[in-house]
Amino acid sequence: MLLEVKDLDISYGDKLTVTGASLELDKGEIMSIVGESGSGKTTVIRAIMGCLPGAGRVSRGSIIFDGKDVLQNTPDEWRKMYGSEMSMIFQDSGNMINPIRRIGQQFIDYVQAHQPDKSKDQAYKMCCDMLTNVRLRQRVGIAMAMIFSPKILLADEPTSALDVTTQAQIIRQIVDIRDEYGVAVIMVTHNLGVASYVSNKLMVMKGGHVVEYGKREDVIANPQDDYTKQLLRAVPVIGGKTYYEQ
């Protein structure tokens, strides 16, 4: 198993915000975490990535990634893992780019910061190849996340604030990246229709608790929690076919 999260509690100061979250993910699997704003979705993936903001901390549980409990990582060990072992697409990936510097130079700097042995020419070629692979050059956030072929990609609302056509392109691209690189993906989203369409596993969160978790087909065909049933009833039906049906 590539990733095992067990009985995870996450606190901000004295306030417990996520309780008892557990999940498993293997190479090449896509799992979506679904729920309303404030349910704890982003908090879980930030804990996995070791980048909880402010006073955020894991107060109980373990995160076993590739056989190692990453909660025991030193800051230097985290830095070595970022990009090369696990990578993240943030909700507003534009914020990771300095608007007054050329994207190409920032991308080259990013490569050389993680792999200082690479010359500028080598880094330039790596950047061009990856930007070509993701097809549309405005997908810089995805390209930078995948440049070192990490084992797991964490995507925080990658389709938020996009039109429907672009959303479909991004989702297709994430699936293509999984197919090409064998990367495992955890995607945070509000949209259960999108999540169920692309995912092997689904996790539904509400109020900091996991209310449903399992294989896609099990959650869709036999939801156990009323909240999951409500989310499923909200998925659009077009031409007599529910959006998540394949």
Side-chain angles (χ1 to χ4, degrees), residues 2-3 27 30 42-57 63 65-66 68 70-162 166-167 169-189:
L2 179 64
L3 176 69
K27 180 181 178 181
I30 298 178
T42 296
T43 299
V44 169
I45 64 169
R46 279 184 169 273
I48 293 170
M49 189 72 180
C51 61
L52 287 168
R57 60 187 177 87
I63 302 173
F65 174 69
D66 208 16
K68 180 183 179 183
V70 296
L71 296 178
Q72 307 302 317
N73 276 2
T74 65
D76 188 56
E77 288 172 327
W78 273 121
R79 280 192 294 272
K80 290 177 180 177
M81 287 185 65
Y82 292 150
S84 60
E85 297 290 321
M86 60 172 67
S87 198
M88 189 165 178
I89 304 169
F90 292 91
Q91 183 170 357
D92 185 0
S93 59
N95 284 340
M96 69 187 292
I97 303 296
N98 186 329
I100 63 172
R101 294 187 64 212
R102 290 182 179 273
I103 286 173
Q105 186 57 57
Q106 291 183 70
F107 205 164
I108 290 169
D109 290 346
Y110 175 79
V111 171
Q112 291 187 304
H114 285 275
Q115 295 188 353
D117 58 315
K118 291 285 190 296
S119 68
K120 187 172 182 178
D121 287 343
Q122 290 172 318
Y124 176 82
K125 184 178 186 307
M126 288 175 65
C127 297
C128 289
D129 289 346
M130 182 55 70
L131 287 169
T132 300
N133 282 349
V134 298
R135 295 178 180 84
L136 297 174
R137 288 186 176 250
Q138 62 262 44
R139 306 290 193 261
V140 177
I142 296 176
M144 292 179 76
M146 288 303 302
I147 187 69
F148 302 120
S149 300
K151 296 175 182 176
I152 186 168
L153 176 65
L154 308 173
D156 186 11
E157 296 278 9
T159 62
S160 66
L162 299 175
T166 307
Q167 285 185 35
Q169 292 172 350
I170 293 292
I171 292 299
R172 183 68 253 173
Q173 195 167 358
I174 288 173
V175 174
D176 289 344
I177 286 171
R178 186 276 307 273
D179 293 342
E180 182 173 354
Y181 296 96
V183 63
V185 180
I186 299 180
M187 182 174 68
V188 164
T189 181

Q: Counting only heavy atoms not in Y124, do more than 12 sit closer than 6.0 Å to its OH atom?
A: no
Q: Rounded to the nearest 0.5 Å, what separates atom CE in M130 from atom CZ in F107?
A: 7.0 Å
Q: Which distance, rounded to the nearest 0.5 Å, do you find between the CD1 of I30 and the CG of L153?
A: 9.5 Å
Q: Give me the atom names and distance for the closest heavy-atom approach of F65 to M81.
A: CD2-CE, 3.3 Å
Q: Is any side-chain heavy atom of Q122 less than 4.5 Å from a side-chain heavy atom of V111?
A: no
Q: So which atom in A184 and which in L2 form the shortest heavy-atom distance, rounded to 0.1 Å?
A: CB-CD2, 3.7 Å
Q: Do you know which two heavy atoms are closest between Q112 and S119, and how far apart they sit?
A: NE2-C, 3.4 Å
Q: Output the distance between atom CD1 (I48) and atom CG (L3), rounded to the nearest 0.5 Å.
A: 5.0 Å
Q: Is there a side-chain contact between L154 and I89 (heavy atoms, below 4.5 Å)?
A: no
Q: Is there side-chain contact between P158 and M187, with at least one heavy-atom pair below 4.5 Å?
A: yes
Q: In chain order, what residues pass the ring-ring contact (aromatic ring centres under 6.0 Å, His included) check against Y82, with sequence neighbours excluded?
A: W78
Q: Which atom names give the shortest non-hydrogen contact between I147 and M126, and what distance separates them?
A: CD1-O, 3.4 Å
Q: To the nearest 0.5 Å, what is the distance between CE (M146) and CG (L131)?
A: 13.0 Å
Q: Tell me whether E85 contacts the main-chain N or O of K151 through its side chain, where contact means a donor paired with an acceptor under 3.5 Å.
A: no
Q: Indicate the atoms forming the closest heavy-atom contact of A145 with M88, along with that distance.
A: CB-O, 4.2 Å
Q: Could you tell me which non-hydrogen atom of G83 sits nearest to which non-hydrogen atom of F148, and how far apart they are?
A: O-CB, 3.4 Å
Q: Taking the basic N atoms (NZ, or NE/NH1/NH2) and the acidic carboxylate oxygens, is any pair closer than 4.0 Å for E77 and K68?
A: yes
Q: Should I170 and I142 count as side-chain neighbours, where that means a heavy-atom distance under 4.5 Å?
A: yes
Q: Under the salt bridge (charged side-chain N to carboxylate O under 4.0 Å, His left out) rule, what do D129 and K125 come out as? Steps first, then yes or no, please.
A: CA-CA 6 Å; D129 289 346; K125 184 178 186 307; 2.8 Å; yes
Q: Say you draw a straight line from CG of D176 to CD of Q169; how long is it, rounded to the nearest 0.5 Å?
A: 11.5 Å
Q: What distance separates I186 CD1 from M86 CE, expressed to the nearest 0.5 Å?
A: 8.5 Å
Q: Going by the rule side chain to side chain contact (heavy atoms under 4.5 Å, CB included), which residues pair with R101 if we only count those two or more places apart in sequence or in a different chain?
A: N98, Q105, Q106, D109
